Amino acid sequence: MMYVSTRGRAPRLSFEEAMLTGLARDGGLYLPETWPQMQPSEIAALAGLDYDEAAFRIMRPFTGDAFDDDELRGIIGRAYASFDHVARCPLVQIGANDWLLELFHGPTLAFKDVAMQLIGQMFETVLKRRGERVTIIGATSGDTGSAAIEAFRGLEAARVYILFPEGRVSEVQRRQMTTPSEANVQAIAVAGDFDDCQALVKDLFNDHEFRDEVRLGGVNSINWARVLAQTVYYFTAAVALGAPARSVSFTVPTGNFGDIFAGYVARRMGLPIDRLVIATNRNDILHRTLETGEHRREGVHPTISPSMDIEVSSNFERLLFELLDREGAAVIQLMDELKSGGFRLSQGALERLRTVFSSARADEAETAEAIARTWRETGEIVCPHTAVGLHAARVQRGDPARPMVTLATAHAAKFPDAVEAACGIRPRLPVRMADLFDRPERVTYVENNAEALKGLIRQGYTT
Ligand SMILES: *Cc1c(COP(=O)(O)O)cnc(C)c1O
């Protein structure tokens, strides 16, 4: 299996190379050259398997010769051993034919763990074999950074630096980044906002000499291996609800479009998914695209579902590539137009988009109301991102005979203030994390200055 760039001007790469590279050299995102197919009998055979074995069967066709079977099974087993639920991603019933898919049983209580834990083990296996080390650097507004630190802590082949805006992440998020004590992971507080952190990371990547010197790599949401890991739970959930004999719909709280694109991948592989509902908060570029065909940037508004506060969804480029018959040149043109504000989809592309995807948007009041209603009707306490999903699932419910699964992307205790304000209950951290507020913190401070940051990283690389 080889991988191609959405912009058509970068070399084709193996799974291993695409994973280590992240972003393609032409600025595009990697996708498999063809979609592996799962026959109905193979999908049916997933019923009753444990999550790790299902993950093995679903991901195997994509990883090529990067891993032999035992290696891949070992990677999956180590990745998900840190989850506190034997089912890894359990389903919870919240209505006659409505379900929550709980993706927050990993170490940082958000769905990013599902992909990041796997990627950590994949990097370690590949790099050890190659006798190489990499430096991973990322900027975070909260969930991604802690998931990366948890995934790589204590591994040998990677040093991880996560930049976060000082004073602008929640206390739980900060402590999840600052309490791991392993020397190879460091949380770095930047005197600035999230955009400053991102700009610093970009500066470092754009300095090609420095990039080669410390073997800089990224694990952000455009990394193909992350999307692949997320494809698995669409299969396990649909099969538990009767696939392949029955089709299932999913509603996905969406920011960068990575999670919902994984659902699209499952559908392309043959899983009978009826609708994929894009749920946005008031940062609704994708909802507007579905409604009008116009994909236009409008700035970012802060909300109570901060992990979805984005102006542009980076993984949407992958879907565009598919909608445009895999014409790299056409993707390049739209991405150029997006830089100067936005673009309009052709009527044909818009119709194809609407055959699979629906969308709905929740404003702040609707998000809070969804938290309160879910608590009243089911006794479940959901996080604000999940609540955006539940609102959208109601708006776009469709045929009541078809199961609707809403992805629960974070544990409510990660966002206790918003949840308490909405339903009057202050969610508590799971028991295994109850001592988070007692653990010692370790933070490195840097000036908002690329040279200072490079100095710090060089020091780490040579020791
Ligand atoms: C990252 C995140 C999302 C959005 O996921 P995308 O893959 O970026 O669309 C939704 N909810 C939570 C809690 C997240 O951390």
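In each ligand, atom 1 is the first atom listed, and ligand 1 is the first ligand listed. Remember, predicted model here, so these are calculated numbers, not experimental data.
By the 4.0 Å N-to-carboxylate-O rule, E171 lies close enough to R174 to be salt-bridged with it. A salt bridge links E317 with R7; the closest basic N to acidic carboxylate O contact falls under 4.0 Å. Using a 4.0 Å cut-off between a side-chain N of Lys or Arg and a carboxylate O of Asp or Glu, R318 and E322 do not qualify as a salt bridge. Here D363 does not pair with R282 in a salt bridge; the nearest charged N to carboxylate O distance is not below 4.0 Å.
Closer than 4.0 angstrom to ligand 1 by heavy atom are F111, K112, D143, P253, T254, G255, N256, F257, G258, D259, S307, M308, H385, T409, A410, sorted by chain and number.
I260 has its side chain within reach of F357: a pair of non-hydrogen atoms, C-beta onward, lies under 4.5 Å apart.
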- Message: salt bridge (charged side-chain N to carboxylate O under 4.0 Å, His left out) for K414 and D143? Distances and angles first, verdict last.
- Response: CA-CA 9 Å; K414 255 192 134 160; D143 292 336; 2.8 Å; yes
